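Presented below is the structure to which this report refers.
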2 protein chains.
Amino acid sequence: MSERNSFRAIRDEMARRIAERLWLPGALIPGEEVLAREFGAARATVNRALQELARAGLVERRRRAGTRVALHPVREARFVIPLVRQEIEGRGAVYRYRLLSREESPPPEIVHARLGLDKNLPFLHVRCLHLADRTPYQFEDRWISLDAVPAVRDVDFSAISPNEWLVQHAPFSEAEFTFFAAAANPEEARLLQLSDGAPIFVGERITWLREKPITLVRMAHPSSHRMVMRL
Amino acid sequence: MSERNSFRAIRDEMARRIAERLWLPGALIPGEEVLAREFGAARATVNRALQELARAGLVERRRRAGTRVALHPVREARFVIPLVRQEIEGRGAVYRYRLLSREESPPPEIVHARLGLDKNLPFLHVRCLHLADRTPYQFEDRWISLDAVPAVRDVDFSAISPNEWLVQHAPFSEAEFTFFAAAANPEEARLLQLSDGAPIFVGERITWLREKPITLVRMAHPSSHRMVMRL
DNA sequence: GAGTGGTCTAGACCACTCA
DNA sequence: GAGTGGTCTAGACCACTCC
């Protein structure tokens, strides 16, 4: 592993040259063929290394134009989409779950607009609370499309959370996440045991399966919540 | 493109089989050799398709054990680390920048602890404001290690923001991001034109170059701020 | 020990884009 | 048209892990 000619070694060596300014930002670096000769590797191996650097945002590649060191390393971080339960248990706390309400209901205008729907489709509205060691951790307010996930009609969600059930029964192909800060409304404050207007951390998620909206969920956390990711 | 035997087509077809439960969660799927025959492709091509599915969290692969459909699709989203300026200009607003203070100073206990430093190193403390169309967008409060980035002593940051300068002059190898909601303290409220105690969205970022801390920054946004990522 | 995925090679052809 | 990256192939060997 990490031999002189492994794609990892080649990738890391090239990353080093970029970090240490041997290859300057904006500069054209040698072509794959040349690098392959230099590193004593096949072109495919160099290609793999370069593709990883491109994915990491360190270089920009274009056919015919060649590979350049990125001017503004538009790097990206990855973050794992957790199950609330795993998130809580991962912190060594006991996970508890409480269903607050579950009813079929037409979604309010704002939800409708958020999902980009033109016609009125039947939805299931589920509200529940996730606790860590008896402390409120997340208030989940969710709309599930009965059109996209009809099976959900037969699930009562008293034992399993919608989060968990959907992960196992309703695959998605696309998702959009939005995070922001807000002031707790009276209900959120009560459920999360905060004072009125206290800052909360909100995550909103919409998922689709092939253009069809599956679910929209709003997850509210007390301001002690930390969302962490590493690069 | 997307021919029958391209790695994309193979990847998408396998993703479809997983989404439609033709391959059940936890089930072992055929080996690369078998799949290669089925798709009329080389094993390397199937391998690339499977590696992408594994990276997306749809399958889990282990040597000798084979490839299984993930039980809990631990999927991950990617988000790009933006330059504030690009973020603002990307919204069609005019970017403005104001330096508030710049001074060498030993970091407070809390910063010190956050960086995991044992000895007292010299730091540069920079505070500045980023505006979108004259509206406060982000208050940046940053500590830069003079030990790791000595060149920063000669930069006065009145014309270029530390964010932008560092991206171009101080590469990093590791980064940690933390996001949370908080209540604006009096200074933050004044600078962001909010009322005292209003909810703000805070991003904290620490970057390292080979174990050595480069900078710690706290970025505060008004609660109208949205952080969005797509999968 | 044997079976699976992980990686590498050498060669080939294609796709895109610049001149 | 020509040069660069993008992808595929066929074959090979290796590394890990389960039996």
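Keep in mind that the numbers below use all heavy atoms, side chains included, and drop hydrogens, waters and symmetry copies. The structure displayed is predicted, hence computed values, not measured ones. Proteins get letters first, then strands, A, B, ... in listed order; numbering begins at 1 in each.
Nucleotide D:dC16: paired with C:dG3 (Watson-Crick or G-U wobble, both distances less than 3.5 Å). In this structure C:dG11 sits in a base pair with D:dC8, meeting the Watson-Crick or G-U test at under 3.5 Å.
Geometrically, B:Arg226 engages A:Phe180 in a cation-pi contact defined by less than 6.0 Å to the ring centre and at most 45° from the axis.
Between B:Arg48 and D:dT7 there is a side-chain N or O to OP1 or OP2 distance below 4.0 Å. A close approach under 4.0 Å does not occur between any side-chain nitrogen or oxygen of B:Thr67 and OP1 or OP2 of C:dT4. A sub-4.0 Å separation between OP1 or OP2 of C:dG5 and a side-chain N or O of B:Arg62 is absent. Distances shorter than 4.0 Å separate none of the side-chain N or O atoms of A:Asn47 from OP1 or OP2 on D:dG5.
In this structure, A:Tyr95 contributes its side chain and A:Val84 its backbone to no donor-acceptor pair below 3.5 Å. Judged purely by atom type and a 3.5 angstrom limit, B:Asp133 has no side-chain atom pairing as donor or acceptor with the backbone of B:Thr135.
Between A:Glu33 atom CD and D:dG6 atom C1' there is a gap of 14 Å when expressed in whole angstrom units. Atom CZ of A:Phe7 is separated from atom C1' of C:dG6 by 9 Å (rounded to the nearest Å). Separating the CD atom of A:Gln51 from the P atom of D:dG5 is a distance of 11 Å, rounded to the nearest angstrom. Atom P of nucleotide C:dT17 and atom CZ of A:Arg64 are separated by 12 Å, given to the nearest angstrom. For the pair A:Ile29 CD1 and D:dG3 P, the computed distance is 19 Å after rounding to whole Å. Put simply, CZ on B:Arg55 is 14 Å from C1' on C:dG6, counting in whole angstrom units. If you take CG of A:Leu50 and P of C:dC8, they are 13 Å apart, rounded to a whole angstrom. In this structure, the CD atom of A:Glu52 is 15 Å from the C1' atom of C:dC8, given to the nearest Å.
Residue B:Arg63 places its side chain closer to D:dC16 than to any other of D:dC8, D:dC16, C:dT7. For B:Thr45, the listed nucleotide lying nearest its side chain is D:dC8; candidates were D:dC8, D:dG6, D:dG5. In this structure, of C:dG6, C:dT9, D:dT7, it is C:dG6 that holds the atom nearest to the side chain of A:Arg8. The B:Ala41 side chain lies nearest to D:dT9 when the options are D:dT7, D:dT9, C:dG5.
If you find the closest nucleotide of DNA chain C to A:Val46 and to B:Glu32, the one lying nearer the 5' end belongs to B:Glu32.
Among the heavy atoms of the strands lying under 4.0 Å from A:Ala44 is at least one base atom, whether or not backbone atoms are also near.
Aromatic ring centroids of A:His130 and A:Tyr137 lie 6.0 Å or more apart.
The base of C:dG6 is paired with the side chain of B:Arg43 by a donor and an acceptor separated by under 3.5 Å.
Between A:His221 and A:Phe201, the angle of the ring planes lies from 30° to 60°, which puts this pair in the tilted group.
With contacts defined as side-chain heavy-atom distances shorter than 4.5 Å, the pair B:Met14/B:Leu35 qualifies.
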